[in-house]
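None of the values given here were measured: they were computed from a predicted structure.
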Amino acid sequence: MVNATKGLFISCDIPMAQFIINYNNTLPPSQQFIIHVLDSTHLFVQPHAAEMIRSAISEFRDQNSYEKPT
């Protein structure tokens, strides 16, 4: 028998995958969204987590962007 799970496939570079995995691990177990880590650059996550992941990545990039002093 085949079991199917609806989810979102994420393909990214290794550092971004590690960021997403780390972000997932900081959440309480009831809110964790990773269904399966396929390999170092591919993740399968719950579909409702897409916007949450996007906002976490955006916030991370904003915190780590260089702004030239004026």
Side-chain angles (χ1 to χ4, degrees):
M1 176 177 252
V2 176
N3 291 332
T5 303
K6 187 174 183 177
L8 180 68
F9 178 75
I10 298 177
S11 178
C12 56
D13 60 358
I14 294 172
M16 188 56 62
Q18 289 301 310
F19 172 78
I20 295 170
I21 292 168
N22 184 50
Y23 177 66
N24 181 67
N25 291 336
T26 62
L27 298 173
S30 63
Q31 294 180 345
Q32 292 184 352
F33 52 83
I34 293 180
I35 297 170
H36 191 71
V37 177
L38 302 171
D39 62 24
S40 61
T41 60
H42 299 98
L43 306 169
F44 190 62
V45 302
Q46 296 175 356
H48 66 78
E51 191 55 41
M52 182 172 50
I53 295 169
R54 281 190 192 105
S55 64
I57 291 170
S58 177
E59 183 179 320
F60 176 72
R61 286 184 176 163
D62 289 343
Q63 290 174 354
N64 291 307
S65 295
Y66 174 75
E67 293 181 19
K68 186 176 179 180
T70 54

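Sequence neighbours left out, the pairs with a member in residues 45-57 that pass side-chain hydrogen bond (donor to acceptor under 3.5 Å, both in side chains) are Gln46-His48.
Residues meeting the side chain to side chain contact (heavy atoms under 4.5 Å, CB included) test with Pro29, sequence neighbours left out: none. Qualifying side chain to side chain contact (heavy atoms under 4.5 Å, CB included) partners for Ser65, counting only residues two or more places apart in sequence or in other chains: none. Residues meeting the side chain to side chain contact (heavy atoms under 4.5 Å, CB included) test with Thr41, sequence neighbours left out: Ile14, Asp39. The ring-ring contact (aromatic ring centres under 6.0 Å, His included) test applied to Phe9 returns His42, not counting sequence neighbours.
Residue Gly7 comes nearest to Pro47 through the heavy atom pair CA-CD, 3.7 Å, listed as atom of the first residue, atom of the second, then distance. Summarising the geometry of Cys12 relative to Ala17, their closest heavy-atom pair is SG-N, 3.5 Å, with the distance given to 0.1 Å.
The line from CG of Asn25 to CD of Gln18 is 9.5 Å long, rounded to the nearest 0.5 Å.
Taking a 4.5 Å side-chain heavy-atom cut-off between Ile, Leu, Val, Met, Phe, Trp and Tyr, the cluster of Phe60 extends to Leu8, Ile10, Met16, Phe19, Ile20, Ile21, Tyr23, Leu27, Phe33, Ile34, Val37, Leu43, Val45, Met52, Ile53, Ile57.
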